[in-house]
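Down below is the structure, laid out as structure tokens.
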Amino acid sequence: MECPTISGLRLDSEDLEAIEAIRKAQRNGNMLEIMLPAGVLTTIFLGNNSAQAAYNIHSTDWAQFAEAMTHISPMVRKRIVTISQMQRLRAGLSYEQTQFWRAVEAGCQP
């Protein structure tokens with residue numbers, strides 16, 4: 001989605017906390033995308049001889065691993081949507097703040 005032009009936007013402390021929560025969700029998702037494969041590879045190879053490693057490779061549920069990997073990004077996106085929806089429900093928001101959180105919810109990226 002293309003970002004709307006929002007003039008006069010003033011973010012309050014609750015907005016800034018929500019933005020930090022979004023950044024944290026994104027960092028955690030990125031870390032999980034790195035750690036999940038690393039964990040599987042460690043389980044297969046660490047401290048095992050070649051026969052044990054071959055068995056671990058064969059017995060690893062690769063379909064479940066692939067499915068887990070594909071769910072990371074949607075989980076992060078859902079968290080961002082939830083945060084932006086909760087922000088929009090706050091009382092006393094300016095029109096510009098409401099526009100901002102709607103854009104975040106819709107996936108606006110500069």
Side-chain angles (χ1 to χ4, degrees):
M1 173 197 175
E2 188 173 320
C3 297
T5 300
I6 303 173
S7 299
L9 174 64
R10 294 185 191 271
L11 299 175
D12 61 24
S13 61
E14 289 184 53
D15 292 323
L16 297 176
E17 286 175 19
I19 290 170
E20 184 55 36
I22 288 172
R23 287 185 180 138
K24 184 177 179 181
Q26 290 172 324
R27 280 192 307 266
N28 290 344
N30 290 340
M31 189 180 306
L32 189 55
E33 287 178 340
I34 294 168
M35 297 306 291
L36 186 61
V40 170
L41 293 175
T42 300
T43 300
I44 291 172
F45 294 109
L46 189 63
N48 293 324
N49 59 32
S50 59
Q52 182 64 42
Y55 173 76
N56 289 344
I57 291 170
H58 175 72
S59 65
T60 298
D61 189 343
W62 294 106
Q64 186 177 25
F65 170 73
E67 184 177 343
M69 287 296 293
T70 62
H71 283 83
I72 294 172
S73 183
M75 286 182 347
V76 171
R77 180 72 194 127
K78 182 166 177 49
R79 180 70 181 132
I80 292 169
V81 167
T82 300
I83 291 170
S84 60
Q85 288 172 339
M86 295 303 292
Q87 287 301 111
R88 282 193 15 236
L89 291 175
R90 288 179 29 225
L93 288 183
S94 68
Y95 175 73
E96 292 80 12
Q97 284 172 297
T98 303
Q99 274 187 308
F100 174 79
W101 289 113
R102 276 196 181 125
V104 171
E105 180 183 349
C108 167
Q109 295 181 3

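What you see below is based on every heavy atom in this structure, not just the backbone, and it leaves out hydrogens, waters and symmetry mates.
- The two residues Ile83 and Ala21 make their nearest non-hydrogen contact at CD1-CB, 3.8 Å.
- Closest approach of Ile80 and Gln26 over heavy atoms only: CD1-NE2, 3.8 Å.
- Note on residues 79-104: no pairs pass ring-ring contact (aromatic ring centres under 6.0 Å, His included), not counting sequence neighbours.
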| said: Apply side-chain contact (heavy atoms from CB on, under 4.5 Å) to residues Glu96 and Arg10 and explain how you reach the verdict. | reply: CA-CA 8 Å; Glu96 292 80 12; Arg10 294 185 191 271; over 6 Å; no

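- Summarising the geometry, atom CD belonging to Gln99 is positioned 8.5 Å from atom OG belonging to Ser94; distances are rounded to the nearest 0.5 Å.
- In this structure, the side chain of Asp15 engages the main chain of Asp12 through a donor-acceptor pair within 3.5 Å.
- Of all the heavy atoms in Gln97 and Gly92, the pair that sits closest is OE1-O, 4.3 Å.
- Nearest heavy-atom pair, Glu20 versus Arg27, reported as atom, atom and distance to 0.1 Å: OE2-NH2, 3.2 Å.
- Ile72 and Ile22 are assigned to two separate hydrophobic clusters, defined by single-linkage of ILVMFWY side chains at heavy-atom distances under 4.5 Å.
- Applying the 6.0 Å contact sphere to CZ of Arg79 captures no more than 12 heavy atoms from other residues, nucleotides or ligands.
- No path of Ile, Leu, Val, Met, Phe, Trp and Tyr side chains, each step under 4.5 Å between heavy atoms, connects Met86 with Leu16, placing them in separate hydrophobic clusters.
- The hydrophobic cluster containing Val104 does not contain Met75, counting ILVMFWY residues as joined when their side-chain heavy atoms lie under 4.5 angstrom apart, directly or transitively.
- Each of Leu32, Leu36, Val40 was scored for a side-chain contact (heavy atoms from CB on, under 4.5 Å) with Met69, with one residue passing: Leu36.
- Ile6 and Leu11 fall within a single hydrophobic cluster, where Ile, Leu, Val, Met, Phe, Trp and Tyr side chains are chained together by heavy-atom contacts under 4.5 Å.
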| Which is it for Glu67 and His71 under the side-chain contact (heavy atoms from CB on, under 4.5 Å) test, yes or no, and what are the steps along the way? | CA-CA 6 Å; Glu67 184 177 343; His71 283 83; 3.2 Å; yes

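- Met35 and Phe65 fall into different hydrophobic clusters, defined by Ile, Leu, Val, Met, Phe, Trp and Tyr side-chain heavy atoms under 4.5 Å apart, directly or through other members.
- Atom CZ of Arg23 is surrounded by 12 or fewer heavy atoms from other residues, nucleotides or ligands within 6.0 Å.
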| said: One pair to check against side-chain hydrogen bond (donor to acceptor under 3.5 Å, both in side chains): Glu105 and Gln85. What are the steps and the verdict? | reply: CA-CA 7 Å; Glu105 180 183 349; Gln85 288 172 339; 3.0 Å; yes

